[in-house]
> 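Starting off with a structure, shown below.
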Amino acid sequence: MEYSHTDVELVRQPIGYWGWAAAEAVVTRIRAVLAGIGTTQPQAWILDRIANAETPPTRDGVTGVLSGYAAAGIDDLDEEIDATVARGWVIQDPEGRLELSAGGTDFYARLAATQAELWQERHRDIPDEEYVTTLKVLQRFIHNTGGHAWHH
């Protein structure tokens, strides 16, 4: 790969810009691919939370975990849950617990395979050690600037 600057020049580059540019590129790619299979990123998060829950979660349980993603441009998680119900992927029982329908289970399998392909694409030629180092450096930037971040 050809880099934008020499190592001597890169050390002076702004992390804010490169962090933003990386996030923008990754999110744009994910959202475009998910749109191609007929869903949105928030709906994918919702389906994933429901599919991987030990017991069927409540609507509040799902939105509570995902509410931190509002900074990612998600305005209304309840509306996104409603969309998964309307599409027949999720069933909400009278107590408000959410479960995948048979169609939702099938769609989630396709979604999970797509997400795995996207992960492979993003991580191509990046050893796990470099990835871990990158995340640790980003977390130190967050800590050093008094920020807070958490991802389940």
> Take Y108 and T39 through the test side-chain contact (heavy atoms from CB on, under 4.5 Å) and record every step on the way to the result.
CA-CA 11 Å; Y108 179 73; T39 195; over 6 Å; no

> Rounded to the nearest 0.5 Å, how far apart are CD1 of I37 and OG1 of T114?
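I37 atom CD1 to T114 atom OG1 measures 4.0 Å (nearest 0.5 Å).
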
> Can you tell me how far apart CE (M1) and CD1 (I126) are? Round to the nearest 0.5 Å.
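Atom-to-atom, M1:CE and I126:CD1 are 9.0 Å apart.
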
> CD1/I50 to OG1/T84 distance, rounded to the nearest 0.5 angstrom?
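One gets 5.5 Å once the value is rounded to the nearest 0.5 Å.
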
> Can you tell me which residue pairs pass the salt bridge (Lys or Arg N to Asp or Glu O under 4.0 Å) test with a partner in residues 111-121, sequence neighbours excluded?
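Qualifying pairs: R29-E121.
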
> Within the 4.5 Å heavy-atom criterion, are I81 and L98 side-chain neighbours or not?
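The answer is yes; the side chains approach within 4.5 Å.
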
> State which residues pass side chain to side chain contact (heavy atoms under 4.5 Å, CB included) with T40; sequence neighbours excluded, sorted by chain then number.
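Applying side chain to side chain contact (heavy atoms under 4.5 Å, CB included) to T40 gives P42, Q43, E80.
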
> Under the side-chain hydrogen bond (donor to acceptor under 3.5 Å, both in side chains) rule, what pairs show up with a residue in residues 87-99, not counting sequence neighbours?
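Only R59-Q92 qualify under side-chain hydrogen bond (donor to acceptor under 3.5 Å, both in side chains).
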
> With I91, which residues qualify under side chain to side chain contact (heavy atoms under 4.5 Å, CB included), at least two apart?
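Side chain to side chain contact (heavy atoms under 4.5 Å, CB included) check on I91 returns S101.
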
> By side chain to side chain donor-acceptor pair (under 3.5 Å), which residues pair with H5, not counting sequence neighbours?
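Partners of H5 under the side chain to side chain donor-acceptor pair (under 3.5 Å) test: Q13.
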
> Taking salt bridge (Lys or Arg N to Asp or Glu O under 4.0 Å) as the cut-off, I'd like each qualifying pair that reaches into residues 8-18, sequence neighbours left out, listed once.
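Sorted pair list comes back empty.
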
> Are the side chains of I15 and L138 in touch, meaning some heavy atoms are under 4.5 Å apart?
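Yes; the side chains approach each other to less than 4.5 Å.
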
> Once you round to the nearest 0.5 Å, how far does CG of D76 lie from CG of D82?
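With rounding to 0.5 Å, CG (D76) is 8.0 Å from CG (D82).
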
> Mind checking whether V62 and L77 have side chains closer than 4.5 Å, heavy atoms only?
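No, side chains not in contact.
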
> Give a yes or no answer on whether the side chain of D48 reaches the backbone of A44 with a donor-acceptor pair at less than 3.5 Å.
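Looks like no, no N/O pair under 3.5 Å.
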
> State, yes or no, whether a side-chain contact exists between W45 and V65 at a heavy-atom distance under 4.5 Å.
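No, every pair of side-chain atoms sits at 4.5 Å or beyond.
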
> Per the ring pair (Phe, Tyr, Trp, His ring centres under 6.0 Å) rule, what does the pair list look like for residues 18-37, sequence neighbours excluded?
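Applying ring pair (Phe, Tyr, Trp, His ring centres under 6.0 Å) to every pair that reaches into residues 18-37, excluding sequence neighbours, yields Y17-W20.
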
> Tell me, please, which residues at least two apart from D106 pass side chain to side chain contact (heavy atoms under 4.5 Å, CB included).
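Scan of D106 (side chain to side chain contact (heavy atoms under 4.5 Å, CB included), adjacent residues dropped) gives none.
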
> The criterion is side chain to side chain contact (heavy atoms under 4.5 Å, CB included); which residues satisfy it with T28, sequence neighbours excluded?
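For T28 the side chain to side chain contact (heavy atoms under 4.5 Å, CB included) partners, ignoring immediate neighbours, are E24.
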
> To the nearest 0.5 angstrom, please state how far the CG atom of L135 sits from the CD1 atom of I142.
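Nearest 0.5 Å value for the CG-CD1 distance: 9.5 Å.
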
> Side-chain contact, heavy-atom cut-off 4.5 Å: L34 with L111?
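SC-SC contact between L34 and L111 confirmed.
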
> Taking only residues at least two apart or on different chains, which pairs with a member in residues 122-145 satisfy side-chain hydrogen bond (donor to acceptor under 3.5 Å, both in side chains)?
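Sorted pair list: W119-H123.
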
